[in-house]
Protein chains: 2
Amino acid sequence: MKVLIVDDDRTLADLLAFAMRRAGFEPHLAFDAQGAMQVFNDLPVDIIILDVNLPGSREINNGFDICREIRKVSDVPIILLTVRDDEEDIVKGLNIGADDYILKPFSPRQLVARIQAVLRRASSEAVPEAAPYRFQDFQFDPARREVNRGDEAPQSLTRLESRLLSYLMLNQGQVLPADNIITEVWGLDAANTEMLRQLVHRLRIKIEQDPENPILIKTLPSIGYGFGI
Amino acid sequence: MKVLIVDDDRTLADLLAFAMRRAGFEPHLAFDAQGAMQVFNDLPVDIIILDVNLPGSREINNGFDICREIRKVSDVPIILLTVRDDEEDIVKGLNIGADDYILKPFSPRQLVARIQAVLRRASSEAVPEAAPYRFQDFQFDPARREVNRGDEAPQSLTRLESRLLSYLMLNQGQVLPADNIITEVWGLDAANTEMLRQLVHRLRIKIEQDPENPILIKTLPSIGYGFGI
DNA sequence: GATTCGTGTGACAAACCTGTGACAATTTCC
DNA sequence: GGAAATTGTCACAGGTTTGTCACACGAATC
């Protein structure tokens with residue numbers, strides 16, 4: 001894991017680098033905006049530690065500007081170092097797109113904890129289990145893309161089928177216009193009623209007990225479809 | 001190693017205590033702020049697990065306040081339990097001085113892993129050794145990077161294989177999207193589905209009895225993989 | 001009664017995804 | 001420095017999923 005540390009205070013930067021290395025990171029230092037951009041362009045850094053108060057150069061002035069510049073081209077996590085009593089800086093920094101901030105003075109240990117936390121958030125390590133949808137004895141687990149009825153063996157759905165069913169069950173009991181469903185499932189551009197018809201057909205075969213007389217997914221002629229109506 | 005668990009949900013607290021004890025820690029419980037401070041003052045605890053949403057008392061209200069109080073006098077590592085969708089809580093907690101956080105809902109296994117990580121980071125003392133993962137008669141010891149089944153001779157894994165299996169078994173029973181696995185194993189930048197496919201393939205050859213019909217590592221087409229599903 | 005429209009349905013081809021073996025590049029270990 | 005192990009890349013087979021076409025059927029309309 002490559003960490004870019006940007007701070008004009010070389011003593012502090014060195015200290016941080018030492019702590020980083022001990023924590024298993026690979027620190028790279030920069031002492032001004034130019035150096036920071038250079039390292040950033042040369043290396044695929046995983047996270048950036050950025051002192052807000054840097055001596056200015058011509059175009060890029062302080063930490064905020066670096067942050068802004070980087071945000072134009074990258075989502076790499078950024079942690080700001082700010083001095084206490086400067087609420088404004090914090091709000092500004094987070095608005096610009098920083099992921100977190102830490103107040104000086106801080107202990108290296110705190111910073112390491114912070115880095116780990118930010119990285120964890122960025123990589124969405126915590127896998128949020130989406131709750132299954134239910135309708136009477138019918139269940140649909142979007143995480144597993146599986147449906148089952150009562151105790152029967154689960155039936156697995158394809159990606160599109162799952163997206164369609166998610167949308168339908170999320171808006172259970174409502175009439176959903178075909179166009180809305182299409183943009184929800186395929187995206188904005190690809191609009192094609194034919195495909196929707198096919199998809200509904202295939203989904204019905206998997207989830208309806210009697211696909212010829214659908215109960216779960218009802219057709220609303222010339223409007224669209226609806227789940228559990 | 002003494003762990004202080006602070007949570008007003010006694011069922012959860014008990015469950016955590018059980019998991020802690022099984023992992024070689026010595027858990028102590030508190031169900032409110034007062035109890036927490038009392039245990040903290042009486043015992044030299046090594047780490048604190050703190051639910052941020054505690055019912056208030058007079059002076060000390062919720063988990064944050066406990067955290068603040070403790071930080072006035074001690075550097076003991078603190079892990080916060082927070083609910084999902086509350087980014088603010090996380091930032092706030094970390095700024096107050098917490099070392100890490102974990103999102104509810106979580107599995108005891110995940111919490112134990114987190115505790116070990118924090119302790120290893122923060123203290124030089126010996127941390128109880130990570131217990132091997134188990135699934136039926138299959139075992140995986142991440143410290144030795146060895147797997148074995150029943151009494152058979154252990155098979156050793158490579159570094160990447162071990163990381164992959166750790167992640168899978170830490171979240172066993174869950175569906176893990178390919179992207180998450182990739183960032184967990186390789187890091188943020190290097191994203192390549194091909195490599196994951198290869199790695200899974202190689203791991204399966206080592207751990208599955210019949211690699212053509214995998215039982216441990218299941219494929220969820222166009223989603224990712226899951227262990228013990 | 002014929003026509004038109006919207007829908008359901010089967011068949012088929014294109015696109016996509018996964019598993020797999022072979023081999024190259026890199027790292028690790030002696 | 002060199003061998004062995006590990007990791008990254010490429011190519012391809014086989015299966016699944018998705019898009020497309022063709023057509024049947026019923027209801028509404030003329």
Side-chain angles (χ1 to χ4, degrees), chain A residues 26 44 144-147 155-168 175-179 181-187 189-226 229, chain B residues 144-147 155-168 175-179 181-187 189-226 229:
Chain A
E26 178 187 331
R144 287 179 163 67
R145 294 203 188 132
E146 277 178 358
V147 296
Q155 162 84 274
S156 66
L157 304 183
T158 71
R159 188 162 32 118
L160 290 186
E161 287 162 358
S162 171
R163 261 194 240 159
L164 172 61
L165 189 53
S166 293
Y167 186 55
L168 290 176
V175 178
L176 301 172
D179 286 349
I181 302 180
I182 290 171
T183 52
E184 181 69 24
V185 174
W186 279 274
D189 38 357
N192 190 339
T193 326
E194 172 99 26
M195 279 148 61
L196 178 57
R197 254 175 33 227
Q198 262 310 323
L199 189 60
V200 170
H201 175 52
R202 284 165 179 156
L203 184 53
R204 275 182 178 149
I205 290 178
K206 287 190 179 175
I207 71 174
E208 296 280 359
Q209 283 174 319
D210 177 7
E212 311 218 352
N213 302 308
I215 295 174
L216 300 175
I217 303 179
K218 287 268 206 289
T219 302
L220 290 305
S222 74
I223 306 178
Y225 297 89
I229 294 185
Chain B
R144 310 174 71 84
R145 296 211 315 240
E146 278 179 357
V147 296
Q155 161 86 276
S156 67
L157 302 184
T158 71
R159 191 159 29 112
L160 288 185
E161 286 163 357
S162 171
R163 261 195 240 161
L164 172 61
L165 190 53
S166 294
Y167 186 55
L168 290 176
V175 177
L176 302 174
D179 286 349
I181 302 179
I182 289 171
T183 52
E184 181 66 25
V185 174
W186 280 274
D189 38 354
N192 189 340
T193 327
E194 174 102 25
M195 280 148 61
L196 178 57
R197 257 180 22 232
Q198 248 335 303
L199 190 60
V200 169
H201 177 52
R202 285 163 179 158
L203 184 52
R204 274 182 179 150
I205 289 177
K206 287 190 180 176
I207 71 173
E208 295 280 359
Q209 284 175 318
D210 178 7
E212 310 220 351
N213 301 309
I215 294 174
L216 301 175
I217 303 179
K218 286 266 206 293
T219 302
L220 290 302
S222 79
I223 309 178
Y225 297 88
I229 292 184

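Lettering of chains follows the sequences in order, A, B, ..., and the numbering in each one begins at 1. Everything quoted here is computed from the prediction, not taken from an experiment. Computed over heavy atoms, backbone and side chain alike; hydrogens, waters and symmetry mates excluded.
Between the CZ atom of Arg202(A) and the C1' atom of dT18(D) there is a distance of 6 Å, rounded to whole Å. In this entry the distance linking CG of Leu203(B) with C1' of dT6(D) reads 14 Å, nearest Å.
Between dT9(D) and Asn192(B), a contact under 4.0 Å exists linking OP1 or OP2 to a side-chain N or O. Between Trp186(B) and the phosphate of dG8(D), there is a side-chain N or O to OP1/OP2 separation shorter than 4.0 Å.
Judged as a salt bridge (charged side-chain N to carboxylate O under 4.0 Å, His left out), and not counting sequence neighbours, Arg159(A) has no contacts. Residues satisfying the side-chain hydrogen bond (donor to acceptor under 3.5 Å, both in side chains) test with Gln155(A), not counting sequence neighbours, are none. By the side-chain hydrogen bond (donor to acceptor under 3.5 Å, both in side chains) test, Arg204(B) pairs with Thr219(B), sequence neighbours left out. Scanning for side-chain hydrogen bond (donor to acceptor under 3.5 Å, both in side chains) contacts around Arg197(A) gives an empty result, with sequence neighbours left out. With sequence neighbours excluded, no residue satisfies side-chain hydrogen bond (donor to acceptor under 3.5 Å, both in side chains) with Ser162(B).
DNA chain D lies under 4.0 Å from at least one heavy atom of each of the following residues of residues 155-163 of chain B: Thr158(B), Arg159(B), Leu160(B). Within a heavy-atom distance below 4.0 Å of DNA chain C, the residues of residues 205-224 of chain B found are Thr219(B), Pro221(B), Ser222(B).
At least one side-chain heavy atom of Leu157(B) sits under 4.5 Å from a side-chain heavy atom of Leu203(B).
A donor and an acceptor atom, one from each side chain of Thr158(A) and Arg202(A), are nowhere located under 3.5 Å apart.
Few gaps surround CD1 on Ile229(A); more than 12 heavy atoms of other groups in view lie less than 6.0 Å from it.
Closest non-hydrogen pair, Tyr225(A) versus Leu220(A), comes out as C-CD2, 3.7 Å.
In summary, contact between chain A and DNA chain C, defined as any nucleotide atom under 4.0 Å from a heavy atom of the protein, begins and ends at dG6(C) to dA11(C) in the 5' to 3' direction.
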Readout for nucleotides 22-30 of chain D: B = base within 4.0 Å of protein heavy atom, S = sugar-phosphate only, - = neither; 5' to 3' it is B--------

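Legend: salt bridge (charged side-chain N to carboxylate O under 4.0 Å, His left out) pairs involving residues 206-225 of chain B, not counting sequence neighbours, sorted by first then second residue: Glu161(B)-Lys206(B).
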